[in-house]
Q: 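For reference, the structure I am asking about is given below.
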Amino acid sequence: MEQRADAGHGDGADEHLLREAEKIAVALGRMFPGLCEVVLHDLRDPDHAVRAIENNLSGRRVGDPATELGLARVADPDYPGVVQNYPNRFPDGRPAKSTSIGIKNAAGEYVAALCLNLDVSVLSPVTLALSNLVATDGAHRERPLETLRDRTARELREAVEARAAERGATPRSLSREEKKALVRQLQHDGYFASRDAAQAIADLLGVSRATVYNYAK
């Protein structure tokens with residue numbers, strides 16, 4: 001971390017706030033090395049506001065002036081205390097995501113700001129790689145090719161009875177076309193993954209196993 005700039009002025013309580021905030025800046029920056037720049041601004045001296053930089057990604061130095069956001073806080077005590085996840089850019093053009101946290105003293109005046117600048121250019125290729133990794137073939141989105149677990153007999157029975165109840169009937173009293181539609185829906189939902197599913201469906205519907213397979217075609 002660049003060495004802290006001695007403020008050389010200000011109330012002792014304000015200075016205590018700055019020293020405590022500096023601990024947070026150091027800890028946050030070291031948690032995300034090479035990824036997130038953390039800057040502590042001393043807003044008591046806007047022309048030389050940068051008091052500490054951990055994990056320097058922007059090329060700024062201790063003693064550099066406050067940013068526009070810092071000046072806005074100096075000018076207006078009612079300026080929002082937290083401005084989060086706003087788009088930003090490093091001097092070399094790399095995109096960043098930034099969060100700025102204003103720190104007020106007991107009198108309600110902004111005396112410091114803790115700013116985090118995340119280098120999203122490092123994360124973008126990772127995000128793309130992960131998106132490609134979890135992507136599935138659009139041709140198979142309508143109908144799953146398989147289920148990754150067996151459906152239990154209880155689940156199967158409940159599904160058949162629920163679909164029959166939607167038509168105001170019992171499974172065995174369904175018409176031939178309704179039974180065919182029900183079997184095809186069960187197949188679509190993965191209930192045929194179990195070896196004994198066809199026979200269980202046949203028993204519930206009061207038809208033969210061969211009929212169930214015929215309905216499923």
Side-chain angles (χ1 to χ4, degrees), residues 1-138 141 148:
M1 184 185 76
E2 291 199 25
Q3 294 298 313
R4 176 180 60 83
D6 292 327
H9 59 78
D11 182 83
D14 291 353
E15 181 62 23
H16 177 73
L17 282 176
L18 267 292
R19 289 183 183 275
E20 291 300 300
E22 190 173 343
K23 295 178 186 177
I24 299 172
V26 171
L28 288 174
R30 292 182 181 177
M31 187 173 181
F32 303 103
L35 185 63
C36 185
E37 174 187 80
V38 185
V39 185
L40 178 62
H41 298 268
D42 184 346
L43 299 182
R44 300 171 300 173
D45 185 7
D47 291 335
H48 307 89
V50 176
R51 172 161 170 147
I53 301 180
E54 183 69 30
N55 199 24
N56 193 334
L57 299 176
S58 63
R60 285 176 291 178
R61 296 178 179 275
V62 167
D64 279 356
T67 63
E68 296 88 342
L69 200 155
L71 294 175
R73 284 200 173 106
V74 172
D76 181 9
D78 293 326
Y79 195 87
V82 178
V83 182
Q84 194 162 21
N85 296 334
Y86 58 93
N88 213 334
R89 193 165 293 278
F90 290 112
D92 62 4
R94 285 173 296 161
K97 182 171 78 170
S98 298
T99 290
S100 177
I101 305 165
I103 300 171
K104 288 183 176 181
N105 60 14
E109 303 167 330
Y110 280 116
V111 295
L114 187 64
C115 300
L116 294 80
N117 303 306
L118 183 69
D119 184 356
V120 296
S121 70
V122 177
L123 297 176
S124 295
V126 176
T127 302
L128 179 59
L130 289 175
S131 297
N132 290 334
L133 182 64
V134 302
T136 55
D137 191 337
R141 288 176 184 167
L148 297 182

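Position 1 is the first residue of the sequence; numbering continues from there. In what follows, every heavy atom counts, from backbone to side chain, and hydrogens, waters and symmetry copies are set aside.
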Q: Would you say that Pro46 contacts Pro65 through its side chain, given a criterion of any heavy-atom pair below 4.5 Å between the two side chains?
A: no

Q: Within the side chain of Thr99, is there an N or O that forms a donor-acceptor pair under 3.5 Å with the backbone of Asn85?
A: yes

Q: Backbone N or O of Ser58 within a donor-acceptor pair of the Glu37 side chain at under 3.5 Å?
A: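 Yes, because the side chain of Glu37 sits within donor-acceptor range (under 3.5 Å) of the backbone of Ser58.
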
Q: Do Asn117 and Phe90 have side chains that get closer than 4.5 Å, going by heavy atoms?
A: yes

Q: Within the structure provided, determine whether Tyr110 and Asp76 are in side-chain contact (heavy-atom separation under 4.5 Å).
A: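 The answer is no, as the side chains (C-beta and beyond) never meet within the 4.5 Å cut-off.
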
Q: Do side-chain atoms of Asn105 reach the backbone of Gly108 as a donor and acceptor pair under 3.5 angstrom?
A: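 Answer holds: yes.
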
Q: Looking at every non-hydrogen atom in both residues, tell me the closest pair between Leu114 and Ala25 and how far apart they are.
A: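 Answer, listing the atom of Leu114 first, then Ala25: CD1-CB, 3.6 Å.
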
Q: Indicate the atoms forming the closest heavy-atom contact of Pro95 with Asp119, along with that distance.
A: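 Result for this residue pair: O-OD1, 3.7 Å.
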
Q: Assess whether atom NZ of Lys97 is packed by more than 12 heavy atoms of other residues, nucleotides or ligands within 6.0 Å.
A: no

Q: Answer whether the closest heavy-atom distance between the side chains of Leu43 and Arg73 falls below 4.5 Å.
A: yes

Q: Using 4.0 Å as the upper bound for N to carboxylate O, is an ion pair formed by Lys23 and Glu20?
A: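 Salt bridge flag = yes for Lys23 with Glu20.
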
Q: Should Arg51 and Arg44 count as side-chain neighbours, where that means a heavy-atom distance under 4.5 Å?
A: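 Answer yes - side chains close enough.
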
Q: Just so I know, are the side chains of Arg60 and Ile53 near enough to count as touching, which here means a heavy-atom distance under 4.5 Å?
A: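 A side-chain contact under 4.5 Å exists here.
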
Q: Determine whether Val38 and Leu40 make a side-chain contact, defined as any pair of heavy atoms from C-beta on separated by less than 4.5 Å.
A: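 Heavy-atom side-chain distance check fails, nothing below 4.5 Å.
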
Q: Identify the two heavy atoms, one from Cys36 and one from Leu116, that lie closest to each other, and give their separation to 0.1 Å.
A: SG-CB, 4.0 Å

Q: Working note: Asp42 + His48, criterion side chain to side chain contact (heavy atoms under 4.5 Å, CB included); need CA distance, chi angles, decisive distance, verdict.
A: CA-CA 8 Å; Asp42 184 346; His48 307 89; over 6 Å; no

Q: Do Val111 and Lys104 have side chains that approach each other closer than 4.5 Å (heavy atoms only, starting at C-beta)?
A: no

